[in-house]
Trainee: 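After the C-alpha cells below, expect a handful of questions from me.
In what follows, chains are A, B, ... by sequence order, proteins preceding strands, each numbered from 1.
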Protein chains: 2
Amino acid sequence: MTQPTAQANQASQEALPRQHRHYSIGELARMFEVTPRTIRFYEQEGLLAPRREGQKRIYREKDRVRLKLTLRGKRLGFSLAEIREVVMMYDAMPDGNARQLWRLLEILADKRANLERQLEDIRLMRLELDDVDHRAREVLRNLGHEA
Amino acid sequence: MTQPTAQANQASQEALPRQHRHYSIGELARMFEVTPRTIRFYEQEGLLAPRREGQKRIYREKDRVRLKLTLRGKRLGFSLAEIREVVMMYDAMPDGNARQLWRLLEILADKRANLERQLEDIRLMRLELDDVDHRAREVLRNLGHEA
DNA sequence: CAAGCACTTTACGTTAACGTAAACCTCGTC
DNA sequence: GACGAGGTTTACGTTAACGTAAAGTGCTTG
C-alpha cells in the first residue's frame, strides 16, 4: 500500500534496458558468486548503499558496478578500507574541495604504484613457476625411463 | 664449546661470497622490513627451517630466498597455506613420486591462472584509476577558474 | 491456510596473520 | 658485576572479513 511503485514492474525486467534494471540481493549474489551476507557486509562497511522498497534492498546498476569494482579490488589484495577510500572520494568529487581532491590524487598515485609493483611481482612469480614446472616435468621424464 | 664453527667467522661476513653468508633473524627482518615475530611465525607455519647455533636461529641463503618468495606471494594476495603448498612440494620434488609431481603441476597451473586473472584485473583497475584521476583534475581546473 | 521461498535483523563464532607483553638467556663492555 | 643489545619461549590479544544460526516478515501457490 505504501509502495505504489511496486505494482507496475513485475516480470518485465528482462526487457528493460540494462541501465534501468534493478536487482535483488540474491540475484547479485549469484551473479558474482558471493553470498548475500557478503553483500550486506559491504553495505555495512559503507561500500554500497542500495535503495529500499519496504524492507528489501533494491540494487541499481550503479551498485552492481560498485560491487564489481570492490571484488576486483579484493582479488588484487586491497582491503575493504582501501577500496572504500577511493570509492567514497570518487562520489564526493563533484562538490569536493581542493584539499580533498589533492588527497584523492595522492591516493590514486599510491594505488597505481602498488599495481606496478604487483606487475613486477607477477612477472617474477611467473618465472619461478615456469622453473618449478620445468624441473617437475624433467623429474617425471626420468621416472618414466627408469620404470 | 659445543659449537666449534662459531669461532672462525666473526666480522668477516662482508667478505664472504653471498652463497655462504648467514643471517640473524634481526638482519633478515631489517632487510625485508618485517618484524622478527613475522619470521618466527613463518617458521612455525612450515615455510622456513633455519639451522640453530645453540638457541639462536641461523639463516642461510636458501632461507633468505624463501622468505623473499613468501613475501612476494603475500603481496599478490596468496595465503601462507597456498605458498607453503608450492614451496614444500618443490622441496619434496627430487624424491617425489609421480602422483605428487602431477599434483604439483596442477597447483602450478592453478597459480598461473590466478596470475593471469590478476593481470587483467590490473589492466582494468588502471583504466579506472586513470578515469578518476582525469575527472579529479578536471574538477580542480574548474575550481581554479571560479576562484 | 499451510507451506515454501526469498528476504530481513541480531548476534555470536571463526580463521588468518600477525602484535604485544612477560620473563628468561648470553654475550661484549664499561 | 651491572647492563644494554640482541636473541629465545610462551601465551594471550587483535583485526579483517566474513560464516552461521535463530527468529521474524511478506508473498504466492497448491
Side-chain angles (χ1 to χ4, degrees), chain A residues 1-11 13 22-59 63 66-67 69-85 87, chain B residues 1-3 5-7 9-11 13 22-59 63 66-67 69-85 87:
Chain A
M1 278 202 184
T2 51
Q3 298 93 22
T5 55
Q7 55 188 344
N9 45 2
Q10 299 290 20
Q13 290 281 5
H22 38 270
Y23 312 87
S24 75
I25 196 172
E27 276 178 305
L28 272 191
R30 278 189 304 272
M31 292 181 72
F32 293 103
E33 304 191 288
V34 297
T35 71
R37 167 62 173 149
T38 297
I39 298 181
R40 290 195 197 99
F41 182 72
Y42 290 172
E43 173 177 354
Q44 173 183 329
E45 293 299 297
L47 287 164
L48 298 173
R51 304 285 175 68
R52 296 292 182 123
E53 198 159 287
Q55 277 261 87
K56 304 196 170 177
R57 281 164 246 256
I58 303 293
Y59 298 87
D63 300 307
R66 270 208 183 182
L67 180 53
L69 295 180
T70 300
L71 293 174
R72 181 179 298 153
K74 282 230 64 193
R75 281 198 302 272
L76 292 176
F78 292 103
S79 73
L80 293 184
E82 293 175 304
I83 296 170
R84 178 179 45 202
E85 205 170 14
V87 161
Chain B
M1 278 205 182
T2 51
Q3 299 92 23
T5 55
Q7 54 186 346
N9 45 3
Q10 298 291 20
Q13 291 280 5
H22 38 270
Y23 311 88
S24 75
I25 197 172
E27 276 178 305
L28 271 191
R30 280 189 302 273
M31 290 180 75
F32 292 103
E33 303 192 293
V34 297
T35 71
R37 165 63 173 149
T38 297
I39 298 181
R40 291 197 196 96
F41 182 72
Y42 290 171
E43 175 178 352
Q44 172 184 329
E45 294 299 298
L47 287 163
L48 298 172
R51 304 285 175 69
R52 295 294 182 121
E53 197 159 287
Q55 276 263 86
K56 305 195 170 176
R57 280 166 247 255
I58 303 294
Y59 298 87
D63 301 307
R66 270 208 182 181
L67 179 53
L69 295 181
T70 299
L71 294 174
R72 181 179 300 153
K74 282 230 63 191
R75 283 198 301 272
L76 292 176
F78 292 103
S79 73
L80 293 184
E82 292 175 303
I83 295 169
R84 180 180 41 201
E85 205 171 14
V87 160

Trainee: Can you list the residues that meet the side chain to side chain donor-acceptor pair (under 3.5 Å) rule with Thr38(B), with sequence neighbours excluded?
Mentor: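 Testing Thr38(B) for side chain to side chain donor-acceptor pair (under 3.5 Å), a comparison that skips the adjacent residues, returns Thr35(B).
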
Trainee: Gln44(B) has an atom CD; how far is it from atom P of dT15(C), in whole Å?
Mentor: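 From Gln44(B) CD to dT15(C) P: 16 Å.
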
Trainee: Can you tell me which residue among Arg66(A), Arg51(A), Arg52(A) is in a salt bridge (Lys or Arg N to Asp or Glu O under 4.0 Å) with Glu43(A)?
Mentor: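 Answer after filtering Arg66(A), Arg51(A), Arg52(A): Arg52(A).
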
Trainee: Looking at every non-hydrogen atom in both residues, tell me the closest pair between Leu48(A) and Leu67(A) and how far apart they are.
Mentor: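 Heavy atoms of Leu48(A) and Leu67(A) come nearest at CD2-N, 4.1 Å.
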
Trainee: Whole-Å distance between dC27(D) P and Glu53(A) CD?
Mentor: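 These atoms are roughly 11 Å apart.
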
Trainee: Listing time: all N or O pairs from protein to nucleotides 17-19 of chain C that are below 3.5 Å?
Mentor:
from: dA17(C); atom 1: OP1; to: Leu80(B); atom 2: N; distance (Å): 3.0
from: dC18(C); atom 1: OP2; to: Tyr42(B); atom 2: OH; distance (Å): 2.6
from: dC18(C); atom 1: OP2; to: Lys74(B); atom 2: NZ; distance (Å): 3.2
from: dG19(C); atom 1: OP2; to: Thr35(B); atom 2: OG1; distance (Å): 2.8
from: dG19(C); atom 1: OP2; to: Thr38(B); atom 2: OG1; distance (Å): 3.4
from: dG19(C); atom 1: N7; to: Arg37(B); atom 2: NE; distance (Å): 3.1
from: dG19(C); atom 1: O6; to: Arg37(B); atom 2: NH2; distance (Å): 2.9

Trainee: Taking atom C1' of dA16(D) as reference, at what distance in whole Å does atom CG of Leu47(A) sit?
Mentor: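 Roughly 13 Å, once rounded to whole Å.
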
Trainee: Distance from Ile39(A) atom CD1 to Leu28(A) atom CG, nearest 0.5 Å?
Mentor: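 Rounded to the nearest 0.5 Å, the CD1-CG separation comes to 5.0 Å.
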
Trainee: Hey, which of Phe32(B), Tyr42(B), Phe78(B) is the one that makes side chain to side chain contact (heavy atoms under 4.5 Å, CB included) with Thr70(B)?
Mentor: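 Output: one option passes, namely Tyr42(B).
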
Trainee: Let me know the distance between CD of Glu82(A) and P of dA16(D), rounded to the nearest Å.
Mentor: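 After rounding, the reported distance stands at 12 Å.
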
Trainee: Please report the closest heavy-atom contact between Lys74(A) and Ile83(A), naming both atoms and the distance.
Mentor: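 Reported closest heavy-atom pair: N-CD1, 3.9 Å.
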
Trainee: Surrounding CD of Glu33(A) (heavy atoms of other residues, nucleotides or ligands, distance under 6.0 Å), is the total greater than 12?
Mentor: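 Incorrect, the count does not exceed 12.
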
Trainee: Would you name the heavy atoms of Arg84(A) and Leu47(A) that are closest together and state the gap between them?
Mentor: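 Here Arg84(A) and Leu47(A) meet closest at CA-CD2, 3.5 Å.
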
Trainee: Could you list all N or O pairs between the protein and nucleotides 5-8 of chain C that sit under 3.5 Å apart?
Mentor:
from: dC7(C); atom 1: OP1; to: Ser24(A); atom 2: OG; distance (Å): 2.7
from: dC7(C); atom 1: OP1; to: Gly26(A); atom 2: N; distance (Å): 3.1
from: dT8(C); atom 1: OP1; to: Arg57(A); atom 2: N; distance (Å): 2.8
from: dT8(C); atom 1: OP1; to: Arg57(A); atom 2: NE; distance (Å): 3.0
from: dT8(C); atom 1: OP2; to: Arg40(A); atom 2: NE; distance (Å): 3.2
from: dT8(C); atom 1: OP2; to: Arg40(A); atom 2: NH2; distance (Å): 3.0

